[in-house]
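Below is one structure, written out as structure tokens, with a few remarks after it.
Proteins get letters first, then strands, A, B, ... in listed order; numbering begins at 1 in each. Any value given below was found using the heavy atoms of this structure, including those in side chains, with hydrogens, waters and symmetry copies removed.
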2 protein chains.
Amino acid sequence: MTAQLKIRYDSYIQENQLKSSRRRDMIFEHILQIQGHFTVDNIYQEILTIDSGIGIATIYRTVRLLVASGVLSEQTFGEKKGWFEINDLKVEHHDHMICTSCGKIIEFHSKVIESNKHEIAKAHCFIIYSHKLEIFGLCNTCQKQ
Amino acid sequence: MTAQLKIRYDSYIQENQLKSSRRRDMIFEHILQIQGHFTVDNIYQEILTIDSGIGIATIYRTVRLLVASGVLSEQTFGEKKGWFEINDLKVEHHDHMICTSCGKIIEFHSKVIESNKHEIAKAHCFIIYSHKLEIFGLCNTCQKQ
DNA sequence: ATTCGTGCAAATGCTTTGCACCCAC
DNA sequence: GTGGGTGCAAAGCATTTGCACGAAT
């Protein structure tokens, strides 16, 4: 799967007359290691400890490139900032339950919702590109506190 | 329904030792007339033409009050700014299809999704407060262009 | 009178961008 | 060598906040 993403990254760079660079590659490799969701500042802080000279603008630019190339997808989770995650096309689309107390994000997938979504779109003559379903509430742990 | 919202507005002000004021009331009344979704800047521009002395901070403060009192609900629609709409509790919860070409928003409701959502939450021992489902794609009109 | 509401401008948080310089090809 | 990559600081946007003054009870 990592190989798939590498191909997507490389070909995007190729097709758009961009260049690879030490930092670009390093950010890409770093992001590949991440499980789950992250913000630009999350990876900026992490990469700072390895490469103290890096600027946050470079992270922003690289993340934009990765979204444009399809390596990452972006969500807002109802906040006014970007959250990112690896966009693995081989994995089924998933949705999120977000704990409003501790911020924990639980991923899930529902075939029922998936197929109903298509029925609804059909009824409205709407062509679906993507969807985002977020459920807000309390996770198991926070209910007990 | 407008009466319902007025009660919610008035009692929130009462219960929180706030005051009503000419501008607060005017913004509230203005928002009641709005069909569909709007941003703070939308109503600011509109109200400016009636009350040229108003400041955008007042709109922000009033909209926050209306969200806190349950008169309005807020969504991001994947953007990094707030979109608001009247939160009529008597109307069933609805979701949104957003045309990525013209920005048109189509509202819909699905009992199937509604009940499936509760099954999923139950399976994860998650207590639902709210949910947001956004479908992005092309509306009927934009498909033909 | 006192307390809250309001305009203004400054501050904030996240993100983008212009510019001079650096690096890859 | 040339064009893209990068850090830095400045600019952009949406939003919030501090402050002095004005209005509501």
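As a whole-Å value, the separation of Asn42(A) CG from dC14(C) P is 11 Å. The interatomic distance linking Ile43(A) (CD1) with dC14(C) (P) rounds to 14 Å, in whole Å. Atom CD1 in Ile47(B) sits about 14 Å away from atom C1' in dT6(C), given to the nearest Å. Distance CD (Gln17(A)) to P (dA24(C)): 20 Å, rounded to an integer number of Å. Distance, Met26(A) CE to dT6(D) C1': 12 Å, rounded to whole Å. Distance Gln14(B) CD to dC4(C) P: 14 Å, rounded to the nearest Å. If you take CD1 of Ile13(B) and C1' of dC4(C), they are 11 Å apart, rounded to a whole angstrom. Taking atom CG of residue Leu65(A) and atom P of nucleotide dT17(C), one finds them 14 Å apart after rounding to whole Å.
The side chain to side chain contact (heavy atoms under 4.5 Å, CB included) check on Ile127(B) picks up Leu138(A), Gln143(A), Tyr129(B), with sequence neighbours excluded. Listed by chain and residue number, nothing satisfies the side-chain hydrogen bond (donor to acceptor under 3.5 Å, both in side chains) test with Thr141(B) (two or more places apart in sequence, or in another chain). Under the side-chain hydrogen bond (donor to acceptor under 3.5 Å, both in side chains) criterion, Ser21(A) pairs with no residue at all, not counting sequence neighbours.
Ion pairing between Glu114(B) and Lys111(B) fails under the 4.0 Å rule for side-chain N and carboxylate O.
Applying the salt bridge (charged side-chain N to carboxylate O under 4.0 Å, His left out) test to residues at least two apart or on different chains, the pairs with a partner in residues 9-18 of chain A are Lys6(A)-Asp10(A). Residue pairs meeting the ring pair (Phe, Tyr, Trp, His ring centres under 6.0 Å) criterion with at least one member in residues 20-64 of chain B, sequence neighbours excluded: Tyr9(B)-Phe28(B), His37(B)-Phe77(B), His37(B)-His96(B). Within the structure, every pair that satisfies the salt bridge (charged side-chain N to carboxylate O under 4.0 Å, His left out) test and touches residues 43-69 of chain B, not counting sequence neighbours, is listed here: Arg22(B)-Asp51(B), Arg23(B)-Asp51(B), Arg64(B)-Glu74(B). Listed by first and then second residue, the salt bridge (charged side-chain N to carboxylate O under 4.0 Å, His left out) pairs involving residues 121-134 of chain A amount to none (not counting sequence neighbours).
For the pair Asn116(B) (side chain) and Ile113(B) (backbone), a donor-acceptor distance under 3.5 Å is absent.
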For nucleotides 13-25 of chain D, read 5' to 3', which letter fits each nucleotide if B means a protein heavy atom sits under 4.0 Å from the base, S means only the sugar-phosphate is that close, and - means neither? -SBBBB-----B-

Give DNA chain D the dot-bracket treatment, 5' to 3': Watson-Crick (N1-N3 with N6-O4 or O6-N4) or G-U (N1-O2, O6-N3) under 3.5 Å, [ ] crossing, | other strand. |||||||||||||||||||||||||

